[in-house]
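Per chain, numbering begins at 1; letters A, B, ... match sequence-line order.
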2 protein chains.
Amino acid sequence: MKLKCDSELIKLNEKLYPCSTSVTMDFIGGKWKTVILYHLKDGSKRYHELRKSMPIVTERTLSLQLKQLEKDKIIKRKVYTSKPPLKVEYSLTEFGKTLIPVLEVISEWGNRICEEKAEIVKVSK
Amino acid sequence: MKLKCDSELIKLNEKLYPCSTSVTMDFIGGKWKTVILYHLKDGSKRYHELRKSMPIVTERTLSLQLKQLEKDKIIKRKVYTSKPPLKVEYSLTEFGKTLIPVLEVISEWGNRICEEKAEIVKVSK
DNA sequence: CGGTATCCTCGAAGATACTG
DNA sequence: CAGTATCTTCGAGGATACCG
């Protein structure tokens with residue numbers, strides 16, 4: 001899959017992309033997807049665990065992003081109970097696991113920037 | 001730089017991030033930045049060359065993204081002429097070059113998806 | 001417990017025309 | 001040639017309340 005000419009585009013699932021990087025970014029881009037995936041990369045997590053790991057996301061947004069990732073077959077959702085209180089676990093699919101090296105590299109680059117200039121703060125919420 | 005507790009956030013340049021991946025994504029996220037950077041990774045390019053490599057971006061958006069990348073010190077802009085017609089070249093800074101491995105991995109993952117399911121189309125514009 | 005529903009804000013990105 | 005100006009659209013994400 002190599003674009004040979006400037007007037008060529010990649011077509012995947014009825015969408016057009018100018019470059020293979022944008023295909024990846026369509027799967028993991030946005031404000032929260034890499035964060036969710038990063039938290040799932042070492043094993044499955046329950047909804048509320050994810051919630052606690054991401055103190056500044058809203059429930060609605062987390063829910064929407066999870067659904068999107070599920071639709072893209074990157075994560076899977078498993079329900080363990082039939083009546084409330086529910087137990088739901090999210091984990092990476094085999095396909096989703098192919099993203100781990102990508103997530104690692106993204107995280108490491110961010111870490112290097114942070115080592116020099118960032119500080120850690122607490123959220124009161 | 002390691003978050004030890006769920007109520008901790010990273011603070012960098014007056015912005016808050018929940019995770020080191022989101023720091024990186026703030027630098028290279030959005031619809032066009034990785035595409036621009038990918039085209040610059042093998043050397044400098046003139047404005048119009050970039051333009052031609054990205055047939056579906058608008059001038060305005062390309063211009064805004066270039067400015068943002070320049071502000072973040074990821075790319076540099078060099079002007080070679082003082083009067084029109086102008087000659088301007090964009091290239092990665094040393095800092096920007098540290099992103100190359102990240103871009104490669106992102107591009108390779110996208111490529112693997114494309115190999116299986118994507119096709120190449122031509123834009124008429 | 002694990003979400004949805006509803007409404008809203010705000011900024012990224014597009015369309016088009018124009019300029020030093 | 002390399003942009004900027006102006007106006008507009010659109011959808012991601014947020015706030016809040018409620019539900020099975």
Side-chain angles (χ1 to χ4, degrees), chain A residues 9 15-19 22 25-36 39-40 44-72 75-91 123 125, chain B residues 9 15-19 21-22 25-36 39-40 44-72 75-91 123-125:
Chain A
L9 291 174
K15 286 183 182 175
L16 294 175
Y17 302 93
C19 166
S22 25
M25 295 305 275
D26 205 22
F27 279 92
I28 64 168
K31 197 166 172 179
W32 295 106
K33 284 184 182 171
T34 57
V35 184
I36 295 172
H39 281 107
L40 289 178
S44 65
K45 285 247 174 80
R46 294 184 64 173
Y47 179 81
H48 223 74
E49 293 182 276
L50 281 173
R51 190 69 249 286
K52 280 189 301 179
S53 316
M54 291 177 259
I56 51 176
V57 75
T58 60
E59 302 253 359
R60 183 194 121 97
T61 298
L62 178 57
S63 175
L64 285 173
Q65 299 301 309
L66 286 169
K67 272 190 178 160
Q68 185 63 55
L69 289 167
E70 198 188 349
K71 198 182 114 204
D72 285 340
I75 64 172
K76 52 177 182 278
R77 178 177 182 274
K78 188 163 183 188
V79 188
Y80 288 90
T81 48
S82 55
K83 289 272 177 186
L86 292 182
K87 179 176 176 183
V88 177
E89 276 192 353
Y90 291 94
S91 57
V123 251
K125 190 180 176 183
Chain B
L9 292 172
K15 286 183 182 175
L16 294 175
Y17 303 93
C19 165
T21 59
S22 24
M25 295 306 274
D26 204 23
F27 279 93
I28 64 168
K31 197 166 172 179
W32 295 106
K33 282 183 184 173
T34 57
V35 184
I36 295 172
H39 280 106
L40 289 179
S44 65
K45 286 246 175 80
R46 295 185 63 174
Y47 178 82
H48 222 74
E49 292 182 275
L50 281 173
R51 191 68 248 287
K52 280 188 301 178
S53 317
M54 290 176 259
I56 52 177
V57 73
T58 60
E59 302 252 357
R60 185 194 118 96
T61 299
L62 178 55
S63 175
L64 285 174
Q65 299 301 308
L66 286 170
K67 272 190 181 162
Q68 185 64 54
L69 289 167
E70 198 188 348
K71 198 183 114 204
D72 285 340
I75 63 172
K76 54 177 181 276
R77 178 178 183 272
K78 187 164 184 189
V79 188
Y80 288 91
T81 48
S82 54
K83 289 274 178 184
L86 291 184
K87 178 176 176 182
V88 177
E89 275 192 353
Y90 291 94
S91 56
V123 251
S124 46
K125 186 179 177 182

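Each end of the helix from C:dC1-D:dG20 to C:dG20-D:dC1 gets its own axis from five base pairs, and the two axes differ in direction by 60°, given to 10 degrees.
Between B:Gln65 and C:dA13, a side-chain N or O to OP1/OP2 separation shorter than 4.0 Å is present. For C:dG14, the OP1/OP2 oxygens have a side-chain nitrogen or oxygen of B:Lys31 closer than 4.0 Å. For the pair A:Arg77 and C:dG3, the criterion of a side-chain N or O lying under 4.0 Å from OP1 or OP2 is met. A sub-4.0 Å separation between OP1 or OP2 of D:dG13 and a side-chain N or O of A:Thr58 is absent.
Rounded to whole Å, the distance from CH2 on A:Trp32 to P on D:dG13 is 9 Å. For the pair B:Met54 CE and D:dG3 P, the computed distance is 12 Å after rounding to whole Å. What separates CG of A:Leu62 from P of D:dA12 is a distance of 16 Å, to the nearest Å. Separating the NZ atom of B:Lys33 from the C1' atom of C:dA13 is a distance of 13 Å, rounded to the nearest angstrom. To the nearest angstrom, P of C:dG2 lies 14 Å from NZ of A:Lys45. In this entry the distance linking NZ of B:Lys52 with P of D:dA2 reads 10 Å, nearest Å. Rounded to whole Å, atom P of C:dA12 lies 15 Å from atom CG of B:Leu66. The distance between atom CD of B:Gln68 and atom P of D:dG3, rounded to the nearest whole Å, is 16 Å.
Heavy-atom contacts from other residues, nucleotides or ligands closer than 6.0 Å to NZ of A:Lys87 number more than 12.
For B:Thr61 (side chain) and B:Val57 (main-chain N/O), no donor-acceptor pair under 3.5 Å exists by modelled atom type. No side-chain donor-acceptor contact under 3.5 Å links A:Ser22 to the backbone of A:Tyr17. In this structure a side-chain-to-backbone donor-acceptor pair under 3.5 Å is missing from A:Ser44 to A:Glu89. Without hydrogens or angle criteria, A:Glu49 side chain to A:Arg46 main chain gives a donor-acceptor distance under 3.5 Å.
Electrostatic pairing of B:Lys76 and B:Glu70 does not count as a salt bridge here, judged by no charged N lying under 4.0 Å from a carboxylate O.
In this structure, A:Tyr80 reaches neither bases nor backbone, as no heavy-atom distance under 4.0 Å exists between it and the strands shown. Using a 4.0 Å heavy-atom distance criterion, A:Lys87 is classed as a sugar-phosphate-only contact.
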When you compare the protein's N or O atoms with those of nucleotides 4-9 of chain C, which come within less than 3.5 Å of each other, and at what distance?
unit_1	atom_1	unit_2	atom_2	d
C:dT4	OP1	A:Lys67	NZ	2.8
C:dT4	OP2	A:Ser63	OG	2.5
C:dT6	O4	A:Arg60	NH1	3.4

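When all heavy atoms of B:Leu50 and B:Ile36 are compared, the closest pair comes out as CD2-O, 4.4 Å.
The residue among B:Leu86 and A:Pro85 whose nearest nucleotide of DNA chain D lies closer to the 5′ end is B:Leu86.
Distance from the side chain of A:Arg46 is smallest to C:dC1 among C:dC1, C:dG3, C:dA15. Among the nucleotides D:dG3, C:dG14, D:dG14, the one closest to any side-chain atom of A:Val57 is D:dG14.
A cation-pi arrangement is absent between A:Lys45 and A:Tyr90 under the rule of less than 6.0 angstrom and at most 45 degrees off the ring axis.
Between A:Arg60 atom CZ and A:Leu64 atom CG the span is 4.5 Å, to the nearest 0.5 Å. To the nearest 0.5 angstrom, B:Met25 atom CE is 13.0 Å from A:Lys31 atom NZ.
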